[in-house]
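To find a chain, count down the sequence lines: A is the first, B the second, and so on, and within it residues start at 1. All values reported here derive from a predicted model rather than from experimental measurement.
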Amino acid sequence: MTIQAPAGRPAAPTPGHATPLPLRREGPAKLTGQALYTDDLVFPGAWYGATIRSTVPHARLLAIELDPAFDWGRVAVVTADDIAGRNVVASIAEDQPILVPVGGEIRHQAEPVVLLAAADRDTLREARRLVSLRTEPLPPVFDPLASTVVFAHHALVKGDVEAALAADGVVVVEATYRVGHQEQLYIENNAMIAIPRGDGGMTVHGSLQCPFYVHRALRTGLGLDDAHAQVVQAETGGGFGGKEEYPSMIALHAALLARRTGRPVRMIYDRHEDLAATTKRHPAVIRHRTGVRRDGTIVAQDIELVLDGGAYTTLTPVVLSRATIHAGGPYDVPNVRIRSRAVATNTPPNGAFRGFGAPQAEFAAEMQVGRCAEAIGMSPLEIRRRNAYRAAGVTPTGQVLHDDAAALEVLERAAEASEFDWVRARTAAERAGRGPRARTARGIGLALGWHGAGFTGSGEAKMGSVASIELTGDGRIRILTASTEMGQGTKTIFPQLVAAELGVDPDDVEMAPQDTSLVPDSGPTVASRTAMVVGGLLVHAARRLKADVEGRTGRPFELSWRDDARDHGPTRIDERFSPYPGRSFDDATYSGDAYPAFGWAAAVAEVEVDLDTAEVTVLSVVAVDDVGRAIHPVLCEGQVEGGTLQAVGYATIEEIKLVDGRYLNDRLQTYLIPTSLDAPRIETILVEAPFEDAPHGAKGVGELPMDVGAPAVVAAIHDATGAWIDDLPASPERIIAALAGIAPPGPPGMSTVSAP
Amino acid sequence: MTYRLVVNGEPAEVGVPGMRRLLDVLREDLGLTGTKEGCGEGECGACTVLVDGEVVVSCLVPVCQVDGSVVRTVEGLAVAGGSALAPLQAAFLEAGGAQCGICTPGMLMAADAFLAAGAEPTDDAIRGAIAGNLCRCTGYTKIVDAIRLAAERRQAGAGAA
Ligand code: FES
Ligand code: FES
């Protein structure tokens, strides 16, 4: 089934959806200024916290020096010596310290070393300037291709690539693609407030995606048991992956200061600190060698992918996993070899950002398919038609696709809605007739993508998430999950799903706050897993609750739940994840069902390139996304539109420049994101090819649009100008270099070294 | 120094240094935390408020500059004594113009000034009116839709009256 959701109209009954869509649950609070984000919370007597960081990329820390002329009695100072638990930020590996100890190794420019807190901001500002770090420099590594420290690596092989590439009639196309960092740039900066408790415990309120990640970090770093660490999510002003993991670090810092002072401590980053210190999308270098026959059949893909993880492991191994599995793009190719590795450099650690490795990998894959089409004189639409996965297709991990493999459907709908063939014929004619005095050029570009829904491999099975529903003694229906709302609509769709199962109004279903002392660990709010996995658990839990109540009362749930609560008392259903039947992944051989299902996406972008300045205006994007089932089409479209614009920014303007391992453009004046004037018209088409093993069919939507936007835009730039841009972003400097046939400006994402 | 303002229709008096940012006066001295800080450098628009009807970024305005002014913030938009959403807020809710909500207060104030000016609600005009307000969540599509919806309803209402 497909639905074309109403664009730009109020939430009204939608075809295929019987009842009017609920309005955003927390919308009124956000629209009236009543919603409380972390920095809006008031804790009397709170002090302000600050972090002193290294200013060198690689060094031995010899000493921390406090200016003796200052009265340090007014300020709390915390160093690694004050850490009661283990000096690690608990994550996949335990390599990242909370604070670098004296004698320890500084591995990047923004590494936390000393924490300060003071009663007022002026004192804090003064004290900050009076701490100095004595260091002994060590040689830094900035080039990921030269790095010998490997965080993770993979090799995926299907068929015989070398033989296929050498076969008669096979055209071999080779290229190397490089992408740089991208900043999530949520508009609310990272923020945490820690409050020490009388019982020796610690409560943290903050802006975060994953309450139980922060909880675990607090337990490890402060040496607390479960009950003495409490994490509460405040209203969160955007995350996009950027508040998946770094909040653990900030929470630990705030908590250490709170312990030291015995007071609440506010650790609220300003934009500069947030940009300078927190995680970004991984830069990548991706080499493709592709064999294609003249009839358009892609017979072989040889891919080598290197991710720059920055200084510590963080989430890099899982990002690499997703990048690796998605590296070939959504194409059924008989011979595939993907070799990948993630390495360390002396730059701030990179981490999660919407798409999680797939946007980098799929940018390269899609540009390469475009190059192959050009090499054999075929249209970019036709080559994708010939090679896109269909049901029963087999991926490089050996996963057999099911009937919901909607690649062709999203492709055709995007081509049709954008009139791709017609517009492309027009841009080709314009290009052919363009005189030397032409000032602008128009182009159209297409990209097709896929995105594995939920965690990679056995991640979900290992995590064993729990989601709960409670019918309270006083007759209220409450959802208990750790899934956070950060704008995507969790608090709206969960009650909607549960209400639909129970036959009640969504307003009858409450959401318990995301507080680790109240809710079960339903896993992190990442990987587009919230609607599919946690939403699915809630549907199952609602069915069990309904059966229990109806079994006792003999009447339909919607007529009897209040009576049941009064007569029988509270009922709580805890639903634990169990693997989807028949789907499994073997970590040892790295084979099997890498994801329970894939979502599919296509984007068509139209651009205008200024031939004098090489500035690119993205005029329109048609985004077609298969989300399994659109639980709330208005929120779903919102995800597609927002993700698409982030992809447009990634394609055109968003770039971090580095010198000596330090981000140069670490302010909002210099790191630019698209404004309303830069944003294209975005037309969203939602396709529903349900995931048969989820009770509600949903596959997730958050990351899909991020995978296809950038290659569509850069393909359109190629259509307009004839130039292939292999590096992201396709900045004016890179376009001018490509048009002039000269080397592009320095590789994106790689630090230069200042002159001594 | 003592400064006098009228904030959301209420007289307010604050005794603070003259260079204190209007943003801090609103958030910390008057407890109006609806106005947000996204950059503190005039780049993001999250701190947008109306001063004597003009759109300003309150992170760049020292309070001494607005002594005696009339200030409106997001808390002043709701109608019926604060108990009902204003038509602009309702349009944002219906159209899906607020996601994470952190840009929303500033966005609403810029939109409110646009509506008050009575310009034709074309796509370009609306986009121009919110060009100083960054949103990372929505791609702006539904924000533009919401403002257009509010403008159309306002025009229809004015026509009917
Ligand atoms: S906080 Fe004022 S413009 Fe960003
Ligand atoms: S709604 Fe999140 S920044 Fe605009």
Backbone of B:R136 reached by a side-chain donor or acceptor of A:Q646 within 3.5 Å: yes

Distance (rounded to the nearest 0.5 Å) between B:C100 SG and A:F240 CZ: 6.0 Å

Which atoms of A:Q34 approach chain B - backbone, side chain, both or neither, heavy atom under 4.5 Å: side chain

Contact class of B:T138 relative to chain A, heavy atoms under 4.5 angstrom: backbone

Part of A:T32 lying under 4.5 Å from any heavy atom of chain B: both

Rounded distance [0.5 Å steps], CD1 in B:I102 versus OG in A:S207: 8.0 Å

Non-hydrogen side-chain atoms of A:Q669 and B:E41 separated by less than 4.5 Å: yes

Contacting moiety of B:L85, where chain A heavy atoms sit under 4.5 Å: side chain

Heavy-atom pair with the smallest gap, counting every atom of B:F92 and A:L31: CB-CD2, 3.4 Å

Residue among A:I682, A:I673, A:L677 with most heavy-atom pairs under 4.5 Å to chain B: A:I673

B:N133 side chain near A:S676 side chain, heavy-atom distance below 4.5 Å: no

Chain A contacts, top residue of B:A78, B:G38, B:G31, B:A86 (heavy-atom pairs, under 4.5 Å): B:G38

Part of A:L275 lying under 4.5 Å from any heavy atom of chain B: neither

Best-contacting candidate, A:L185, A:T644, A:N189, against chain B by heavy atom pairs under 4.5 angstrom: A:L185

Nearest-0.5 Å distance, OG1 of residue B:T141 to CG of residue A:L645: 8.0 Å

B:L134 versus chain A, the contacting section by heavy-atom distance below 4.5 Å: both

Separation of B:D145 CG from A:E637 CD (nearest 0.5 Å): 9.0 Å

Lys/Arg-Asp/Glu bridge criterion (N-O < 4.0 Å) met for B:E28, A:R121: yes

Under 4.5 Å from any heavy atom of chain B - which part of A:P674: both

Portion of A:D678 that has a non-hydrogen atom of chain B nearer than 4.5 angstrom: neither

Distance, nearest 0.5 Å, that separates NZ of B:K36 from CD1 of A:I187: 13.5 Å

Closest non-hydrogen atom pair, A:G638 against B:K142: N-CE, 3.8 Å

Portion of A:D40 that has a non-hydrogen atom of chain B nearer than 4.5 angstrom: both

Minimum heavy-atom distance between B:Q99 and A:E26, given as atom pair plus value: O-OE2, 4.1 Å

Residue pair A:R681, B:D123: steps toward the salt bridge (charged side-chain N to carboxylate O under 4.0 Å, His left out) verdict: CA-CA 10 Å; A:R681 290 187 309 278; B:D123 202 77; over 6 Å; no

Heavy-atom neighbours of B:R127 CZ exceed 12 at 6.0 Å: yes

Closest non-hydrogen atom pair between A:L23 and B:E94, with its separation: CD2-CA, 3.9 Å

Nearest heavy atoms of A:L668 and B:C44, plus distance in Å: CD2-CB, 3.8 Å

Euclidean distance, A:E641 CD relative to B:C137 SG, rounded to 0.5 Å: 12.0 Å

Side chain, backbone, both or neither of A:A679 within contact of chain B (heavy atoms, under 4.5 Å): both

Winner by heavy-atom pair count (cut-off under 4.5 Å) against chain A, out of B:G97, B:A131, B:P105, B:G96: B:A131

